[in-house]
Visitor: 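Supplied in structure tokens, the structure appears directly below.
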Amino acid sequence: MKIGITGGIGSGKSYVCKRLARHGIEVYDCDAAAKQLIRTSPILYKELTALIGPDTYQDGQLNKAAVAQFLLQSEDNAKAIDAIVHPAVFRDFEASGMTWMESAIMYESGIYQLVDKVIVVTAPEEIRIQRVMHRDHITREKVLQWMQRQLPQEEVICRADYEIVNDGISDIDEQLAHVLEILNY
């Protein structure tokens, strides 16, 4: 059985994944994999350069400014980049042999189709905002912009099979133990 872990920015997905490691469960990090593939895959190098232009990479390194400029020009540009990167991540996950994955954009990317069950990590909006502001040293407005690019938490809860509440009060380990028991882990 393949399990996906998702949740909006600041919900605590990474924290929950660290807790899973204590149970001997290794989780594939889709975001880290995407960054690694963009840096190292000759196929992505070729496809992104063809899409964005010759300034996409400089001296073999991703030119983040050029990519960001292209990305922010339009929603179609963002979708075009996603259409290149997401399938590469899907293939890499499948090739990894791993059975657990973490993805902030599980539903938006379509990668949920590769898993049998989805666990969503949730937290109240204000807690999420404060966590991200503190973690990334960015403004409240910037956090809200990122949050608006993701599906609303309520929609993800409705789509997911299980919910882990990470509000700073609820016991994460107790909730995880319950979900792992249901999943026969």
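No hydrogens, no waters, no symmetry mates; every other heavy atom, side chains included, goes into these values.
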Visitor: Mind listing the closest non-hydrogen atom pair of Ile129 and Arg140 along with its distance?
Guide: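 For Ile129 versus Arg140, the nearest heavy atoms are CG2-NH1, 3.6 Å.
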
Visitor: With a 3.5 Å distance limit and no angle check, can you tell me whether Glu102 reaches the backbone of Gly4 through a side-chain donor-acceptor pair?
Guide: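 It does not hold such a pair.
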
Visitor: Is the ring pair Tyr107/Tyr112 parallel, tilted or perpendicular, if the boundaries are 30 and 60 degrees?
Guide: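 Taking Tyr112 first and then Tyr107, their aromatic rings sit tilted (interplane angle of 30° to 60°).
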
Visitor: Please say whether more than 12 non-hydrogen atoms of neighbouring residues, nucleotides or ligands are located less than 6.0 Å from CD1 in Ile43.
Guide: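 Count not over threshold, so no.
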
Visitor: Determine whether more than 12 heavy atoms belonging to other residues, nucleotides or ligands lie under 6.0 Å from atom CD of Gln73.
Guide: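 Counting other residues, nucleotides and ligands, CD of Gln73 exceeds 12 neighbours.
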
Visitor: Main chain of Ala21, side chain of Glu26: is a donor-acceptor contact present, judged purely on distance under 3.5 Å?
Guide: no

Visitor: Which label fits His86 and Phe90: parallel for a plane angle under 30°, tilted from 30 to 60°, or perpendicular past 60°?
Guide: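 His86 vs Phe90 ring planes: parallel.
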
Visitor: Linking I/L/V/M/F/W/Y whenever any side-chain heavy atoms sit under 4.5 Å apart, do Leu71 and Leu62 land together?
Guide: yes

Visitor: Using the rule side chain to side chain donor-acceptor pair (under 3.5 Å), only one of His23, Arg19, Arg22, His178 pairs with Asp173; which is it?
Guide: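 Testing Asp173 for a side chain to side chain donor-acceptor pair (under 3.5 Å) against His23, Arg19, Arg22, His178 leaves exactly one candidate, Arg19.
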
Visitor: Determine whether the aromatic ring centres of residues Tyr185 and Trp100 are separated by less than 6.0 angstrom.
Guide: yes

Visitor: Does the side chain of Gln130 pick up a donor-acceptor pair with the side chain of Glu126 at under 3.5 Å?
Guide: yes

Visitor: Taking CD in Glu47 as the centre, count heavy atoms belonging to other residues, nucleotides or ligands within less than 6.0 Å. Is the count above 12?
Guide: yes

Visitor: Would you say the side-chain atoms of Gln175 pair up with the backbone N or O of Asp171, donor to acceptor, closer than 3.5 Å?
Guide: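 It does hold such a pair.
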
Visitor: Taking atom types as modelled, find out whether Thr122 and Glu163 have a side-chain donor-acceptor pair closer than 3.5 angstrom.
Guide: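 Glu163 and Thr122 do have a side-chain donor-acceptor pair below 3.5 Å.
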
Visitor: Please determine if Lys2 and Glu94 form a salt bridge, counting it only when a charged side-chain N lies under 4.0 Å from a carboxylate O.
Guide: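 Glu94 and Lys2: salt-bridged.
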
Visitor: Compare every heavy atom of Thr6 with every heavy atom of Lys13, then report the nearest pair and how far apart it is.
Guide: CD-C, 3.5 Å

